[in-house]
Student: 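Mind having a look at this structure? Questions to follow.
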Amino acid sequence: MVGTTVATTTTIVLRVNGDEQKLTVDNRTTLLDAVRESLGLTGTKKGCDMGQCGACTVLLDRRRVVSCLRLAVAADGKDVTTIEGIADEGRLHPVQQAFIDSDGFQCGYCTPGQICSAVAVLSEHAVGWPSAATADVRPGQAPTPLDATEIRERMSGNLCRCGAYVSIVEAIGRAAAELAS
Amino acid sequence: MKEFAYLRAATVQDAVAAVNDVPGARYLAGGTNLVDLMKAGVEQPTRLVDLQDLPLNRIEVTDDGGLRIGAVVSNSELAAHPEVRRRYPALSKAVLAGASGQLRNMATVGGNLLQRTRCGYFVDTTKPCNKREPGSGCPAIPGEHHNMAILGASNSCVATNPSDMAVALAAFDAVVTVETVDGTSTVPLSHFYLPVEDTPERETALSPGALITAVTVPAAPVASHSTYRKVRERASYAFANGSVAAALEVRDGRVHDVRLAFGAVASRPWRASRAEEVLRGAPATALAFDVAIDAELLDATALPHNAYKVVLMRNLAVAVLLELAESSR
């Protein structure tokens, strides 16, 4: 590498909350920093920046990921949904409404990550993905209801230092019930 | 973090060439461990070759009824796959016991096999560590070692392999397919991780620049009656203090077939071959399970703060075998 010029920046295209965004990033930039610093979408929060707290959770091609461990270049060409894109045309997503109705937060810092994660939990559960709380993972079993034990396990990647867990679990259960009705 | 070049490979051959082309180049899959270690300064690649577009994202049933799992299959896809859940429930459960939903969506099968130890000294570049900097010493032995190895460790290193998935794969005799500039080869998981000895920096049998392309799990009827249990310091989303992957087939009250592997006790997933040998043909009773697990743990060596793990593993393994014996009645 000595004496040669190597590109360490890359021009990428992200489709963020439905809008195509072209940006040139240092390859070291995480998706989290690209979304917050380059695109100004500061709803996604930086907590630990080590993949341990879930505050930076976004949906990447509809799957939840921690954006602090995803390099922005490695998200090139993908769909990104942040908390700013969860509501539908100004109408709150049922998970957002349930967090308000159940008082599922205190300081609110982890909430965007909690909500993005919960939206993904509902779709993962709907397609039959098991969790570590699922007693029998073999296929063909009756669907596991999304009870409090399942919600706690599936949401364990999102920490809340205020300890609003009781209300968070209630909110997600409420949203699940509403979406099922 | 040091600057690096980035490119996405379209084919396995392109990926291997791109990594072998430049000193310090590395493969990037899910990035959940590599990017973290780059932030910590433990890893300083000059070039990342991203594997996400490679056609290694499928799980196929092999002719003999086993499974061939592509190296970039995500942990989530692996755990949710109907054939994994049907044929190797312990593998699905092991994967689900690891990390969080977000991380399992990102992490891949190949990357999981190569994840590094979570020993606090290894990830702290201000501390000595024989694995990170050979010859610098091991502060864990006189220091914080409550979750370090009790089997197969050495005076150089007592770090553990943190993978849950690999424990189940070890129990089921998985084979790793590897691509190098010289072509394709395979290595059984039992030979994939090297003994620690005085070279803890050498972790796997992979040659420099080699790429894992698939993991094959041979057919094993006993595997359909299997489970994985993990003990950790939180109810979820924590690395193991000890874990057990086990499969058991009981006929006429005796052990007909058994697979057993331990996690979080060694630098590699620990196949409990000695216990399996003792168990084959033995009565499927708590006493026989005690005897077999004791035989496996005979060589366990504990430090002052991790001696609990010997007792933990014994109780855990016996409990899991009893659970499987009960449910096969």
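Side chains are part of it too, since the values below use all heavy atoms of this structure and drop only hydrogens, waters and symmetry mates. A, B, ... follow the sequence lines: proteins, then strands. Residue 1 opens every chain.
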Student: Got a second to check how far A:C53's SG is from B:Q102's CD, nearest 0.5 Å?
Tutor: 9.5 Å
Student: Could you tell me the separation between the CZ atom of A:R154 and the OG atom of B:S236, rounded to the nearest 0.5 Å?
Tutor: 11.5 Å
Student: Would you mind checking which part of B:M106 comes under 4.5 Å of any heavy atom in chain A, side chain (CB onward), backbone (N, CA, C, O), both or neither?
Tutor: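 The side chain, not the backbone.
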Student: Among A:Q52, A:M155, A:E124, who wins on heavy-atom pairs under 4.5 Å with chain B?
Tutor: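 Counting heavy-atom pairs under 4.5 Å, the top option is A:Q52.
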Student: Could you check whether any side-chain N or O of B:R86 sits under 3.5 Å from a backbone N or O of A:R138, counting only pairs where one atom can act as donor and the other as acceptor?
Tutor: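 No, because the side chain of B:R86 does not come within donor-acceptor range (under 3.5 Å) of the backbone of A:R138.
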Student: Identify which part of B:Q52 has an atom lying under 4.5 Å from any heavy atom of chain A, answering side chain, backbone, both or neither.
Tutor: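 Just the side chain, heavy atoms under 4.5 Å.
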Student: Of the non-hydrogen atoms in B:S100 and A:G157, which two are nearest, and what is the gap between them?
Tutor: CB-CA, 3.4 Å
Student: May I have the step-by-step check of side chain to side chain contact (heavy atoms under 4.5 Å, CB included) for A:D76 and B:R8, ending in yes or no?
Tutor: CA-CA 10 Å; A:D76 185 18; B:R8 260 187 222 187; 3.3 Å; yes
Student: Side chain, backbone, both or neither: which part of B:K230 has a heavy atom under 4.5 Å from chain A?
Tutor: neither
Student: Distance from B:D50 atom CG to A:L71 atom CG, nearest 0.5 Å?
Tutor: 8.5 Å
Student: Does the B:K39 side chain pair with the main chain of A:D49, one donor and one acceptor, at a distance under 3.5 Å?
Tutor: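 Yes; judged by distance alone, with no hydrogens or angles, the pair exists.
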Student: Determine the minimum heavy-atom distance between A:P130 and B:S92, stating which atoms define it.
Tutor: CG-OG, 4.4 Å
Student: Ignoring hydrogens, what is the shortest heavy-atom contact between A:A74 and B:Y6? Give both atom names and the distance.
Tutor: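 Shortest heavy-atom contact: CA-OH, 3.4 Å.
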Student: Which region of A:R152, side chain (C-beta onward) or backbone (N, CA, C, O), has a non-hydrogen atom less than 4.5 Å from a non-hydrogen atom of chain B, or is it both or neither?
Tutor: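 No part of it gets close to chain B.
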Student: Where on A:T30 is there a heavy atom nearer than 4.5 Å to chain B: the side chain, the backbone, both, or neither?
Tutor: side chain
Student: Starting at CG of A:L60, measure out to CG of B:N105 and round the result to the nearest 0.5 Å.
Tutor: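 Answer for the CG-CG pair, A:L60 versus B:N105, is 9.5 Å.
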Student: Can we say A:R63 and B:E77 salt-bridge, meaning some charged N sits less than 4.0 Å from an Asp/Glu carboxylate O?
Tutor: yes
Student: So which part of A:C68 gets closer than 4.5 Å to some heavy atom of chain B, the side chain, the backbone, both or neither?
Tutor: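 Both the backbone and the side chain of A:C68 come within 4.5 Å of chain B.
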Student: Counting N and O atoms only, with roles assigned by atom type, does the side chain of A:N27 sit under 3.5 Å from a partner on the main chain of B:F4, one being a donor and the other an acceptor?
Tutor: yes
Student: Testing the basics here: between B:R85 and A:G128, what is the closest heavy-atom pair and its distance to 0.1 Å?
Tutor: NH1-O, 3.6 Å
Student: For A:D136, is it the side chain, the backbone, both or neither that has a heavy atom under 4.5 Å from a heavy atom of chain B?
Tutor: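 Neither; nothing under 4.5 Å.
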Student: Between atom OH of B:Y237 and atom CD of A:E153, what is the distance when rounded to the nearest 0.5 Å?
Tutor: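 Answer for the OH-CD pair, B:Y237 versus A:E153, is 12.0 Å.
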Student: Looking at CG of B:L48 and CZ of A:R28, how far apart are the two atoms once the value is rounded to the nearest 0.5 Å?
Tutor: 12.0 Å
Student: Using a cut-off of under 4.5 Å for heavy-atom pairs, which of A:P139, A:G54, A:A132 has the most such pairs with chain B?
Tutor: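 Ranked by heavy-atom pairs under 4.5 Å with chain B, first place is A:P139.
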Student: Need one label for B:L28: side chain, backbone, both or neither, based on atoms under 4.5 Å from any heavy atom in chain A.
Tutor: side chain
Student: Under 4.5 Å from any heavy atom of chain A, what part of B:D36 do you find: side chain, backbone, both or neither?
Tutor: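 Both parts, backbone and side chain.
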Student: Restricting to non-hydrogen atoms, name the atom on B:T32 and the atom on A:L69 that form the minimum distance, rounded to 0.1 Å.
Tutor: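 The pair with the smallest heavy-atom distance is O-CD1, 3.4 Å.
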Student: Checking heavy atoms, do the side chain of B:R234, its backbone, both or neither come under 4.5 Å from chain A?
Tutor: neither
Student: Could you check which of A:N158, A:D26, A:V137 has the highest count of heavy-atom pairs closer than 4.5 Å to chain B?
Tutor: A:V137
